[in-house]
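Residue numbering restarts at 1 for every chain, and letters A, B, ... go by the order of the sequence lines.
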Amino acid sequence: DAKTTQPPSMDCAEGRAANLPCNHSTISGNEYVYWYRQIHSQGPQYIIHGLKNNETNEMASLIITEDRKSSTLILPHATLRDTAVYYCIALIGTSYGKLTFGQGTILTVHP
Amino acid sequence: DAGVTQSPTHLIKTRGQHVTLRCSPISGHKSVSWYQQVLGQGPQFIFQYYEKEERGRGNFPDRFSARQFPNYSSELNVNALLLGDSALYLCASSLGNYNSPLHFGNGTRLTVT
């Protein structure tokens, strides 16, 4: 799995968009980018994943650069409940159930 | 629909004892994975089971073992507990297909004294 690099922490004002960056410069052509988040004392929660194209679901949008060396997770209207550790993971597939979690980004949403 | 359920939610054991943790996957999910999360770190992969067979194993000692039952539920067993085994143990389930997301339970908090 390609190594991913994320800033250790970020702040965001409630109601504003939160843009969380992830660098994966060594990603291979068949590796997907997955995003999970973990709210304190809970298990990680799946957010979104993508390969090349931008993706959007009810939780967030994922923007992947054309060269696929980096991506951005966008929470369009952050709320206090979005305060969590956000993990960016690059992997070929989930068939073997193995996700490699790094340190992630601690996102703090302020009132 | 019910998510991944784990039991118990909290557990206190003494060094040298044995522990069994249980996981019920989301209905229809055939793959179960186990993770260990030590305070302040991201989860670390322990095992994956698919259709009752071990499909993957992380870098954990043989004191750790698991199994999956015909109804796809799973147990994680840890023998000869050490203080360093104190952690949040997470179970995740998925369809087991190439790219199906893993869905996690809220874990079992194990404290070894």
Count I, L, V, M, F, W, Y as connected when their side-chain heavy atoms are under 4.5 Å apart, and connections chain through other members. Are [X] and [Y] then in the same cluster?
X	Y	value
B/V112	B/V19	yes
A/I64	A/M59	yes
A/Y34	A/L75	no

Residue pair A/G43 / B/N106: nearest heavy atoms and the distance that separates them: N-OD1, 3.0 Å
Heavy-atom closest pair, residues A/Y46 and B/L102: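 Where A/Y46 meets B/L102 most closely, the heavy atoms are CB-O, 3.9 Å.
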Contact winner vs chain A - B/G58, B/G42, B/G56, B/P101, heavy-atom pairs under 4.5 Å: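 Among B/G58, B/G42, B/G56, B/P101, the one with the most close pairs to chain A is B/P101.
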Top of B/P43, B/G107, B/S33 for chain A proximity - count of heavy-atom pairs under 4.5 angstrom: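 Greatest number of close heavy-atom pairs with chain A: B/P43.
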Is it the side chain or the backbone of [X] that comes within 4.5 Å of chain B heavy atoms, both, or neither?
X	answer
A/Q42	both
A/L99	both
A/Q45	neither

Return yes when atom [atom1] of [X] has more than 12 non-hydrogen atoms of other residues, nucleotides or ligands closer than 6.0 Å, and no otherwise.
X	atom1	answer
A/N30	CG	yes
A/D67	CG	yes
B/R63	CZ	yes
A/L51	CG	yes
B/L83	CG	yes

Value rounded to 0.5 Å, distance of CD in B/Q44 from NZ in A/K98: 9.5 Å
Donor + acceptor pair across side chains of A/Q38, B/Q37 (<3.5 Å): yes
Side chain to side chain, A/Y36 and B/F104, heavy atoms closer than 4.5 Å: yes
Any side-chain heavy-atom pair of A/F101 and B/Y35 under 4.5 Å: yes
